[in-house]
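Written out below as structure tokens is the structure these notes cover.
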Amino acid sequence: MTDSSDKLVSRDGHTVPLKRRASVLGADALEISGMAAATGAYGYDPGYAATISCTSRITYVDGEKGVLMYRGYAADELARNSNFEEVSWLLLHGELPKPSELQAFSDELKTLRACAPEVLATIAAMPAHAHPMSVIGAALSVMPAAHTDCIAPNDADHRRRFSHRAIAAMPTIAAAAFRHSQGQAPVSPREDLGHAANLLYMMFGKDPNPTAAKALDTLLVLHADHEQNCSTSTVRMAGSSGVNPFSSLAAGCAALWGPAHGGANEAVLKMLEAIGSPERIEEYIARAKDPNDPFRLMGFGHRVYKNFDPRATIIRDICHEVLKALRAGRGRLFRLARNLEEIALSDRYFKSRRLYPNVDFYSGIIYRAMKLPAEMFTPMFAIARTAGWAAHWCEMHEDPELRIGRPRQLYMGPKPRAYIPAEDR
């Protein structure tokens, strides 16, 4: 909603009004689309850290205060009291479902879990050594051909069918990719299990531990969305071209695969393994402070959060519950992580830079306790984030202001020059 104007001084000394859009929470936005014509210059914002690219009603993050909300509800409160199916409905529809709505939604998801034969054939055709994220991307590329009833961006029924099918099918695809990497046939989904429990069943072929299933459900809730992060922005950018939604999801998966995004919890685990014992923590703390040392303390700090990540405390608690329930060794990595956290949080260097533990710090330990290899950590993230991606894709196609994404650049290459014939070079 536009409620006032700011002014910008143009290159000829005149002032140019900039429309201000008021937010419900957080910073307002200035519409700068007319700035280039008035000033002869575009805004320069590497990484889009200060750029608002869209309006959204789905998720709100306040990094300074450590706040994460889905549709106005605190994500940590939802994680304690809700489940992934209910949160998926909330993200898609804007309100918590009535009991009858939730039951109908859960029942529908169960009927949509099974993958089309073409999708399973694509997974089976992939090399056994292929990373599961690569397999998931290939499977998603087949989905538009297998499900032509949910690929039209401008059809509300297609959008609804797509979002429900994507949330239901992504665990089946990921589980089949995991089993393919293990040289095993896929396990068909069961309709008598909840979303998280069914995922564990499809991966391991046996009834899941209830504590593990509950912990996984909580992780899915906490990873379901996170505003305009790299992968969600990628989904929106791809979707702005009018491409089918499954291709937008595949683009999001590709972005999520990066170690600076969805692969961060895998990096945390590798770091803890490298440290090895509490006696070596001080050594690695010193290395993290050394600007000339390439070592980075993974799992601390966040691009957005400048306070405690509100998800990290919950994940730390459920990590302890999972290790106890699954009797995963003696929790060596968990104790090492706790020691590292305590030392880092008492260190002036990290406190002054507000480098607090983030969501990735403990999630990898939980997945390790569940006997998942490191390559499956990012697919687990993708399963959760599919709910948010679907919600954002649907929202953007309901926006009358939708335009194809087309950022500008600051050109720093050669000035115009004449072609030089080969014999004169």
Side-chain angles (χ1 to χ4, degrees), residues 1-64 153-154 225-243 245 247-262 301-306 385 388-389 391-419:
M1 175 181 177
T2 302
D3 64 358
S4 64
S5 296
D6 285 13
K7 293 185 177 181
L8 178 75
V9 179
S10 69
R11 57 184 169 183
D12 59 4
H14 293 96
T15 57
V16 179
L18 297 178
K19 293 181 180 178
R20 175 181 288 266
R21 289 198 174 208
S23 66
V24 174
L25 294 170
D28 292 345
L30 295 176
E31 291 192 18
I32 61 173
S33 55
M35 185 178 71
T39 66
Y42 290 101
Y44 181 61
D45 183 25
Y48 310 114
T51 298
I52 292 176
S53 61
C54 64
T55 61
S56 182
R57 294 175 171 84
I58 300 172
T59 300
Y60 175 73
V61 176
D62 186 330
E64 291 293 329
N154 296 319
D225 196 47
H226 205 249
E227 205 224 42
Q228 304 306 317
N229 55 82
C230 177
S231 58
T232 300
S233 295
T234 300
V235 169
R236 280 183 173 266
M237 178 66 81
S240 73
S241 73
V243 71
S247 292
S248 291
L249 288 194
C253 282
L256 186 70
W257 194 356
H261 193 4
H302 194 277
R303 175 71 177 271
V304 174
Y305 293 115
K306 304 307 176 187
R385 190 53 57 86
W389 289 338
H392 282 274
W393 186 87
C394 290
E395 181 183 63
M396 69 181 292
H397 286 291
E398 296 166 359
D399 186 353
E401 296 183 339
L402 174 63
R403 299 178 63 189
I404 186 170
R406 208 300 187 184
R408 297 286 182 162
Q409 66 172 15
L410 184 63
Y411 178 71
M412 302 298 288
K415 293 181 178 180
R417 47 185 175 174
Y419 175 79

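All of these numbers come straight from a predicted model, not from anything done at the bench.
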- Does S56 reach the side chain of R236, with side-chain heavy atoms less than 4.5 Å apart? yes
- Item | Note, M237 side chain near P407 side chain (heavy atom, < 4.5 Å) | yes
- Item | Side-chain heavy atoms of Q228 within contact of C54, under 4.5 Å | yes
- Item | Interatomic spacing from CD in E398 to CH2 in W393 - rounded to 0.5 Å | 9.5 Å
- Item | Shortest non-hydrogen separation from S248 to A238 and the atoms involved | OG-C, 3.9 Å
- Message: Taking atom CD1 as the centre, does I32 end up with more than 12 heavy-atom neighbours from other residues, nucleotides or ligands that are less than 6.0 angstrom away?
- Response: no
- Query: So how far is it from I404 CD1 to S240 OG, rounded to the nearest 0.5 Å?
  - Reply: 5.0 Å
- Message: Side chains of H392 and V235, heavy atoms from C-beta outward: is any pair under 4.5 Å?
- Response: no
- Message: Just so I know, are the side chains of T55 and D399 near enough to count as touching, which here means a heavy-atom distance under 4.5 Å?
- Response: yes
- Item | Exceeds 12 heavy-atom contacts within 6.0 angstrom, atom OH of Y44 | no
- Return the minimal non-hydrogen interatomic distance between T234 and G252, and the atom names on each side. CG2-N, 4.2 Å
- Are side-chain N/O atoms of W389 and S231 paired as donor and acceptor at under 3.5 Å? yes
- Message: For a quick test of reading the model, state the closest non-hydrogen atom pair linking S23 to D28 and the distance between them.
- Response: N-OD1, 3.0 Å
- Query: Should E227 and T232 count as side-chain neighbours, where that means a heavy-atom distance under 4.5 Å?
  - Reply: no
- Is any side-chain heavy atom of D225 less than 4.5 Å from a side-chain heavy atom of R385? yes
